[in-house]
**Student:** 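Dropping the structure in here first, questions after.
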Amino acid sequence: MPRILLITTGGTIACPDKKEARSPESSADGFVNALSGIDCEITAVEPFCLDSTDMTPRHYLELSRIIRVNYDNFDGFVITHGTDTMAYAAAALSCLVVNSRKPIVITGSMKPFSAENSDAHENLRNAFIFALDARAHGAAVVFGRFAFDGRRVTKIHTTAKNAFESVGFPPVAAFENNKISFTEPVIKHSGEVFFHEELDERIEVIYLVPGVSPPVVRKDTRAAVILGFGTGGFPAAFEDFLKQLVDRGVYIIMSTQVLRGGTNLSLYETGSRIMQKYPVIEAGKMNTEYLTMKAMVSLSLSDSFEEFRKNFLNNN
């Protein structure tokens with residue numbers, strides 16, 4: 001019989017059913033009891049019970065560690081998580097657990113598990129259906145009757161039950177009446193599974209606003225993600241700020257505030273000028289959640305800008 005490790009971390013799915021001031025409570029046993037009829041052996045662990053706004057890279061590393069020490073003993077992993085930072089958790093695990101042929105499924109809900117008409121039961125059941133499918137692999141978010149690649153997913157709505165979307169890419173799979181259909185070809189990983197064990201948090205994310213002065217960047221910052229305009233437009237007034245960062249040895253990743261389409265710095269002179277004058281990396285179609293986690297892993301592996309660029313652009 002397949003074995004699934006259920007890892008609970010808190011979030012709305014673990015909150016009591018009340019309208020205000022929700023806070024998660026221990027929930028692992030209740031989740032297991034509600035999964036009767038799922039044909040697998042479930043073991044549950046609860047490393048922490050938090051509102052997902054309190055999750056940090058330290059917690060993502062702990063989740064990765066739990067998966068690593070249990071990897072050979074289970075056929076898949078299901079993680080319950082709050083929705084507010086779920087996309088960051090999925091991105092982090094996509095970066096930390098490389099070439100996993102076993103599914104690492106993150107799910108949660110917009111309503112507490114005990115609430116009337118909660119989406120928690122369906123999301124949790126679909127997460128197990130996905131985790132038990134031989135075609136599933138790697139980190140994914142299962143939510144609102146879809147499964148999304150952990151590297152592509154973002155939260156697009158604060159209250160709707162279909163709160164997540166795979167920006168610029170179709171969902172991996174869809175669910176209906178306890179059945180799964182894959183909408184994307186399964187990508188075959190090459191090589192054995194391996195785990196990164198560090199996330200270097202010394203990054204800044206800088207959101208450009210017309211007319212607003214550049215922010216003060218911490219002295220220990222090693223990489224800066226700059227969310228520019230359009231395909232990566234960068235105002236001339238910010239160029240001195242960019243030069244100061246480069247002169248300090250800060251690695252620069254140029255991204256965009258726009259949800260779809262990605263960057264193309266060479267399209268306009270404002271971006272082309274930056275590419276020609278400074279050592280910067282284009283984020284392309286990476287969303288903010290994934291590129292920030294990828295930057296943290298890449299920093300932990302790099303002693304130079306060229307090493308960082310290579311690691312950041314590596315598909316692993």
Side-chain angles (χ1 to χ4, degrees), residues 56-58 60-61 64 88 91-99 150-152 168 190-191 194-209 213-258 261-316:
T56 69
R58 175 178 62 83
Y60 305 148
L61 287 169
S64 177
Y88 284 97
L93 291 171
S94 296
C95 294
L96 291 169
V97 188
V98 182
N99 290 337
R151 300 166 297 178
R152 312 296 190 188
S190 60
F194 67 94
F195 294 79
H196 293 298
E197 298 183 27
E198 292 185 58
L199 288 170
D200 191 327
E201 300 177 45
R202 292 175 294 173
I203 72 168
E204 294 274 358
V205 179
I206 299 166
Y207 193 100
L208 299 186
V209 178
S213 299
V216 175
V217 176
R218 300 190 323 267
K219 290 183 179 180
D220 69 340
T221 297
R222 291 189 61 206
V225 177
I226 299 178
L227 302 177
F229 305 119
T231 57
F234 192 86
F238 274 68
E239 191 168 333
D240 284 345
F241 168 71
L242 180 62
K243 183 178 185 302
Q244 291 171 17
L245 292 180
V246 172
D247 288 346
R248 282 171 47 183
V250 177
Y251 308 150
I252 306 297
I253 301 167
M254 299 295 296
S255 188
T256 175
Q257 301 170 18
V258 184
T263 60
N264 181 4
L265 290 176
S266 62
L267 187 61
Y268 294 98
E269 194 276 335
T270 56
S272 180
R273 181 181 69 250
I274 297 303
M275 290 289 287
Q276 292 172 12
K277 293 180 66 174
Y278 303 102
V280 300
I281 302 169
E282 268 197 84
K285 293 185 178 181
M286 294 186 196
N287 62 19
T288 302
E289 294 92 339
Y290 182 62
L291 72 89
T292 51
M293 295 298 112
K294 191 73 180 290
M296 289 186 189
V297 169
S298 300
L299 275 179
S300 73
L301 301 172
S302 308
D303 293 319
S304 68
F305 176 74
E306 287 307 317
E307 274 190 324
F308 178 77
R309 181 201 292 272
K310 180 180 178 181
N311 287 319
F312 183 79
L313 296 177
N314 190 313
N315 287 334
N316 290 335

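Index from 1, following the sequence. All figures in this text were calculated on a predicted structure; none of them were measured in a lab.
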**Student:** Which residues satisfy the side chain to side chain contact (heavy atoms under 4.5 Å, CB included) test with Ser304, sequence neighbours excluded?
**Tutor:** Glu306, Glu307
**Student:** Restricting to pairs with a member in residues 219-242, which pass salt bridge (charged side-chain N to carboxylate O under 4.0 Å, His left out), not counting sequence neighbours?
**Tutor:**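 Non-adjacent pairs meeting salt bridge (charged side-chain N to carboxylate O under 4.0 Å, His left out): Asp200-Arg222, Arg218-Asp220, Glu239-Arg273, Glu239-Lys277.
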**Student:** Testing Ile203, Leu245, Val217 one by one against Val250 for a side-chain contact (heavy atoms from CB on, under 4.5 Å), which residue passes?
**Tutor:**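 Among Ile203, Leu245, Val217, the one that satisfies the side-chain contact (heavy atoms from CB on, under 4.5 Å) with Val250 is Leu245.
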**Student:** Relative to each other, are the rings of Phe234 and Phe238 parallel, tilted or perpendicular (30° and 60° limits)?
**Tutor:** perpendicular
**Student:** Looking at Ser64 and Val97, what are the two nearest heavy atoms and their distance?
**Tutor:** OG-CG2, 3.9 Å
**Student:** Roughly how far apart are Phe305 CZ and Ile252 CD1, rounded to 0.5 Å?
**Tutor:** 8.5 Å
**Student:** Heavy atoms, side chains only, cut-off 4.5 Å: are Tyr207 and Pro215 in contact?
**Tutor:** no
**Student:** Do Val98 and His196 have side chains that approach each other closer than 4.5 Å (heavy atoms only, starting at C-beta)?
**Tutor:**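 Sidechains of His196 and Val98: in contact.
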**Student:** Using modelled atom types only, decide if a donor and an acceptor are shared between the side chain of Glu198 and the backbone of Ser300 within a distance under 3.5 Å.
**Tutor:** no
**Student:** Could you tell me whether a side-chain N or O of Ser298 sits under 3.5 Å from a main-chain N or O of Lys294, the two making a donor and an acceptor?
**Tutor:** yes
**Student:** Run the side-chain contact (heavy atoms from CB on, under 4.5 Å) test on Val297 and Leu199 for me, step by step, so that the C-alpha distance in whole Å, both residues' side-chain angles and the decisive distance to 0.1 Å come before the verdict.
**Tutor:** CA-CA 5 Å; Val297 169; Leu199 288 170; 3.3 Å; yes
**Student:** What's the separation between atom NZ in Lys310 and atom CD1 in Ile281, rounded to the nearest 0.5 Å?
**Tutor:**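 With rounding to 0.5 Å, NZ (Lys310) is 13.5 Å from CD1 (Ile281).
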**Student:** Could you check whether any side-chain heavy atom of Leu265 comes within less than 4.5 Å of a side-chain heavy atom of Thr231, counting everything from C-beta outward?
**Tutor:** no
**Student:** Does Thr263 reach the main-chain N or O of Gly284 with its side chain, forming a donor-acceptor pair under 3.5 Å?
**Tutor:**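 Indeed, once roles are kept as given, a pair shorter than 3.5 Å links the two residues.
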**Student:** Begin with the C-alpha distance, continue with both residues' side-chain angles, and end with the deciding distance and a verdict on side-chain contact (heavy atoms from CB on, under 4.5 Å) for Tyr60 and Tyr88.
**Tutor:** CA-CA 9 Å; Tyr60 305 148; Tyr88 284 97; 3.5 Å; yes
**Student:** How about Leu96 and Phe195: do any of their side-chain heavy atoms sit closer than 4.5 Å?
**Tutor:**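 Heavy-atom side-chain distance check fails, nothing below 4.5 Å.
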**Student:** Give the C-alpha distance, both sets of side-chain angles, the deciding distance and a yes or no for side-chain contact (heavy atoms from CB on, under 4.5 Å) between Ile253 and Thr292.
**Tutor:** CA-CA 10 Å; Ile253 301 167; Thr292 51; over 6 Å; no
**Student:** Distance-only, no hydrogens or angles: does the Glu204 side chain make a donor-acceptor pair with backbone N or O of Ala223 under 3.5 Å?
**Tutor:**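 Checking the backbone N and O of Ala223 against the side chain of Glu204, no donor-acceptor pair under 3.5 Å is found.
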